[in-house]
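Data first, discussion second: the structure below is written as structure tokens.
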Amino acid sequence: MSVTPTERRALQAVVAIACLVPLTIGGISIVRGPGWLDHAPAIPTDLDSQFRYVSGIFFALGLAFTTCVRGIERKGARFRLLGLLVVAGGLARLLSWATVGAPSPGHRLGLVMELGVVPLLMLWQARIARGR
């Protein structure tokens, strides 16, 4: 199985673009808190604190994924670990949907990324790593 430089660059580009999601959303959420989502007018301080904490982790996850872009064919273990974190978060989001109800469209898109796109990227990265 031969992997072309074009396919490797395509994976790098897709991962780099995907990193914009946690970097952008995480950054906005750290700075503005949950209020930017336009839900409850009064947000309890503990909920704000937890939201910003998790947003910091989300932002850091985006930074960590960016370290996989260069030399992506050699970053399998790191890429899989980061992907596992995303999938675990997606499973937690799915549990919320099942127990509390459907989230907003933006969070549904997050679920698609977490349980669809990221696992596919993990498989693609493994293919690139095997074919180097």
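As the structure is a prediction and not an experimental result, all values here were calculated from the model.
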TODO: Give the cluster check for Leu61 versus Leu23: same hydrophobic cluster or not, with ILVMFWY residues linked at side-chain heavy-atom distances below 4.5 Å.
DONE: no
Open item on the list: Within the 4.5 Å heavy-atom criterion, are Val54 and Gln50 side-chain neighbours or not?
Closed with: yes
Task: Separation between CG of Asp48 and OG of Ser29, rounded to the nearest 0.5 Å - done: 10.5 Å
Task: Ile128 CD1 to Thr4 OG1 distance, which is reported to the nearest 0.5 Å - done: 7.0 Å
Task: Ser49 side chain to Thr45 backbone, donor-acceptor under 3.5 Å - done: no
Open item on the list: Nearest 0.5 Å, please: how far is CE in Met113 from CG in Leu121?
Closed with: 7.5 Å
Open item on the list: Ignoring hydrogens, what is the shortest heavy-atom contact between Arg127 and Val3? Give both atom names and the distance.
Closed with: O-CG2, 3.7 Å
Task: Value rounded to 0.5 Å, distance of CG in Leu37 from CZ in Phe51 - done: 4.5 Å
Task: Remaining members of hydrophobic cluster (4.5 Å side-chain criterion), Leu111 - done: Val87, Leu91, Leu94, Trp97, Leu115
Task: Single-linkage hydrophobic cluster Ile43~Ile30, side-chain heavy atoms < 4.5 angstrom - done: no
Open item on the list: Show every ring pair (Phe, Tyr, Trp, His ring centres under 6.0 Å) that has at least one partner inside residues 55-85, sequence neighbours left out.
Closed with: Phe65-Phe79
Task: Passing candidate, side chain to side chain contact (heavy atoms under 4.5 Å, CB included) with Val118, options Leu82, Leu84, Val15, Val86 - done: Val86
- [ ] Starting at CD of Glu73, measure out to CD of Gln125 and round the result to the nearest 0.5 Å.
- [x] 8.5 Å
Task: Pairwise side-chain hydrogen bond (donor to acceptor under 3.5 Å, both in side chains) hits with a residue in residues 109-124, at least two apart - done: Glu7-Trp124, Arg93-Glu114
Open item on the list: Nearest 0.5 Å, please: how far is CH2 in Trp36 from CD1 in Ile25?
Closed with: 4.0 Å
Task: Non-hydrogen atoms of Pro44 and Ala42 that approach each other most closely - done: CD-O, 3.8 Å
